[in-house]
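Numbers restart at 1 for each chain; the letters A, B, ... are given by sequence-line order, proteins then strands.
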Protein chains: 2
Amino acid sequence: MTDVDTNKPLVQGGTIGILGGGQLGRMLSVAASRLGYRCHIYEPDLHPPAGHVAEDVTTAAYDNTAALERFAALCDVVTYEFESIPTRALDLLQDQRPIRPGRKALWVSQDRLVEKRFLRDLDLPTAPFLPVTSSSELISAASKLGLPSILKTRRYGYDGKGQMRIEKAEDVNTAWTAVSGAKSILEGFVEFSCEISVIAARGLDGQVVCYDPGENIHKDGILRQTTVPASVSNTIKTDAVLIAGKILNALDYVGVLGVELFVTDAGLVVNEIAPRVHNSGHWTQNGCAVDQFEQHIRAITGLPLGNGQRTSDVVMQNLIGEECRQLQNYMTDPDTSIHLYGKDVAKAGRKMGHVNRSTPRSQ
Amino acid sequence: MTDVDTNKPLVQGGTIGILGGGQLGRMLSVAASRLGYRCHIYEPDLHPPAGHVAEDVTTAAYDNTAALERFAALCDVVTYEFESIPTRALDLLQDQRPIRPGRKALWVSQDRLVEKRFLRDLDLPTAPFLPVTSSSELISAASKLGLPSILKTRRYGYDGKGQMRIEKAEDVNTAWTAVSGAKSILEGFVEFSCEISVIAARGLDGQVVCYDPGENIHKDGILRQTTVPASVSNTIKTDAVLIAGKILNALDYVGVLGVELFVTDAGLVVNEIAPRVHNSGHWTQNGCAVDQFEQHIRAITGLPLGNGQRTSDVVMQNLIGEECRQLQNYMTDPDTSIHLYGKDVAKAGRKMGHVNRSTPRSQ
């Protein structure tokens with residue numbers, strides 16, 4: 001264990017604590033190993049995928065004070081693979097070790113209302129939105145923003161969970177029941193031609209590196225495919241990267257951040273930000289010298305950021321549920337790289353792995 | 001745990017047992033994770049580097065019957081990162097699980113005399129050699145093969161250990177003392193312009209994939225650098241690949257094999273073979289779609305072999321001892337990828353990591 005409160009890089013052999021033991025933690029741990037670091041996974045569920053490639057695993061709930069304190073004591077720096085970490089756990093860890101990315105990024109991204117206001121205050125375009133805490137507020141918000149619009153819980157939403165589209169006035173009650181009356185926001189509908197995302201990194205010294213924007217296709221709220229380069233103009237690409245840079249600086253961010261953007265006739269609209277490595281950045285594993293996972297580890301350990309330039313075109317395809325069983329074609333395609341997560345049960349809708357198909361760089 | 005005695009691929013989630021917990025086991029474990037497998041490391045030393053990225057570690061000696069049996073019971077297939085595994089341990093494991101590459105490859109490569117005879121019986125050119133079991137035999141062998149020549153113990157030699165160059169008649173006694181009177185061979189001196197190596201793989205179904213030959217530079221018996229492409233003619237490259245293929249087939253081999261060859265005026269001379277992933281194949285991590293580690297995992301789990309075509313030129317440089325502390329230049333070079341092994345102590349002569357510098361493919 002080493003003092004990393006200074007701007008000195010974490011020494012080789014140092015330990016990175018990762019909150020969350022899913023596929024993102026798994027690939028972070030592999031990247032950390034290339035740089036000579038060890039990882040310690042903190043995860044309430046037994047047998048987390050990240051545990052297969054980490055030195056240590058703590059199996060405990062996020063309200064287990066003793067476990068959190070022991071975990072912090074064994075780590076040099078703490079990071080995370082998801083943003084819905086209870087505030088109390090963060091307070092406790094922060095007393096002992098640096099948390100990177102920092103609390104501000106978590107505070108902003110944990111709550112859709114806070115996030116929208118943060119983006120608005122930066123003069124970044126977002127969907128029109130209104131806070132909603134009751135069914136009558138929802139009715140009033142729907143009449144102001146118009147229909148269709150989308151009700152989203154302020155907290156704990158991912159992969160389309162905690163979201164409900166309202167098409168017509170009669171849907172309001174159904175939607176309010178569906179979110180179980182949780183504090184929410186109503187978002188006005190944005191007409192967009194496609195969704196792109198930028199994966200960007202900021203180092204401990206403020207250095208910023210952005211990957212090329214990727215173009216995303218979702219199905220049932222789950223990302224299915226990311227393609228680089230995105231089929232948008234260079235102006236749009238530059239705008240996207242500038243938006244990501246603005247967000248990184250405003251958050252005094254350290255690590256990798258994902259920014260999802262809608263491409264509209266009037267320009268880009270920020271959909272949401274994720275203060276972590278992001279599914280739409282998996283293409284970097286086979287399209288860049290330094291992928292998003294190593295970039296994140298470099299940032300949070302105080303190393304210089306690496307080369308994020310794109311070396312090839314890539315189509316990243318998620319393997320959802322049983323899709324991870326039909327790999328024969330991917331295995332024998334010379335241009336496809338396979339990345340499986342080692343999850344035991346291929347439940348419907350569960351991300352089981354992804355494949356990256358690389359072809360020579362076209363532009 | 002699954003039955004892999006058939007030719008069916010090991011199912012995702014299956015466990016690969018790896019004998020040896022060094023950097024090769026470490027990088028094998030990372031590659032296995034990409035394919036959804038878990039690794040269990042068997043290693044007598046505490047805190048092995050491979051343990052940082054493996055699901056399980058057994059810390060026990062190779063003569064610990066109970067530990068070996070428990071290990072075998074927890075694995076689906078057993079492989080290894082070094083060839084000097086005691087025969088008794090192999091017998092024990094083989095009764096329970098398939099060992100890949102198989103026993104013949106181990107038997108051949110564990111003993112320099114057996115290896116030389118095996119190569120000679122395949123009509124492959126080797127250095128002239130004679131077995132030596134006493135100082136008088138050494139004197140007689142030296143007079144037959146001429147000086148300089150090299151005394152090598154038949155077993156347990158690596159990184160120049162167990163080798164002694166005999167320049168003049170007076171060196172004979174020193175050399176014999178240096179090898180502590182161990183059964184040895186004397187090898188006649190081979191005049192060569194450079195050393196190259198071929199990393200080759202053979203699947204469970206007999207499919208063979210060879211990587212481009214790399215050109216090696218050693219210092220003090222330790223590999224320092226491998227460059228691809230090697231600066232030899234296409235004829236030499238093809239000959240090298242054909243030799244590797246012949247060896248793979250003769251051993252009914254399953255997995256990745258390294259073949260070191262001397263380039264002489266009279267053609268290629270086989271120096272030695274290693275029945276495992278090989279230091280001179282680390283360049284494949286940044287020069288091929290599927291690297292030697294994933295290729296080995298694919299072979300031993302019965303998956304189809306992957307694309308071993310070279311996509312760029314690469315210079316692989318080992319970081320020996322304290323060299324792993326001076327990484328600043330490598331970290332900021334956009335063409336360099338870093339691979340550290342997480343070893344605690346940077347002892348002189350110890351392999352601590354390597355870097356791959358990639359440039360566009362020249363030929």
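Within the 4.5 Å cutoff, the side chain of B:Glu43 has no heavy atoms near those of the B:Leu46 side chain. Looking only at side-chain heavy atoms (C-beta outward), A:Trp283 and A:Tyr211 come within less than 4.5 Å of each other.
With chain A as partner, the option from B:Lys343, B:Met352, B:Arg325 having the largest number of non-hydrogen pairs under 4.5 angstrom is B:Arg325. Contact count versus chain A (heavy atoms, under 4.5 Å) is highest, among B:Gly353, B:Pro49, B:Gly13, B:Ala54, for B:Ala54. Of the listed residues B:Cys324, B:Ser337, B:Gly308, the one with more heavy-atom pairs under 4.5 angstrom with chain A than any other is B:Cys324. Comparing B:Gly342, B:Ser33, B:Pro304 by heavy-atom pairs within less than 4.5 Å of chain A, the highest count is held by B:Ser33. The candidate with the highest count of non-hydrogen atom pairs below 4.5 Å against chain A, out of B:His339, B:His47, B:Glu294, is B:His339. In terms of heavy-atom pairs under 4.5 angstrom with chain A, the leader among B:Val53, B:Asn307, B:Thr332, B:Asp344 is B:Val53.
For B:Gln328, the part sitting under 4.5 Å from any heavy atom of chain A is the side chain, from C-beta outward, and nothing else. Using a 4.5 Å cut-off between heavy atoms, A:Ile338 touches chain B through backbone and side chain atoms alike. Heavy atoms of B:Leu35 lying under 4.5 Å from chain A belong to its backbone as well as its side chain.
Heavy-atom neighbours of A:Gln207 CD from other residues, nucleotides or ligands within 6.0 Å: above the threshold of 12.
Aromatic ring pairs are classed by plane angle as parallel below 30°, tilted from 30° to 60° and perpendicular above 60°; the pair B:His282 and B:Phe293 is tilted. Taking the six-membered ring for Trp and thresholds of 30 and 60 degrees, B:Phe71 and B:His40 have ring planes more than 60 degrees apart, a perpendicular arrangement.
Rounding to the nearest 0.5 Å places OG1 of A:Thr15 at 5.5 Å from CG of A:Asp76.
A donor-acceptor pair under 3.5 Å is absent between the side-chain atoms of A:Ser29 and the main chain of A:Arg26, judged by distance alone.
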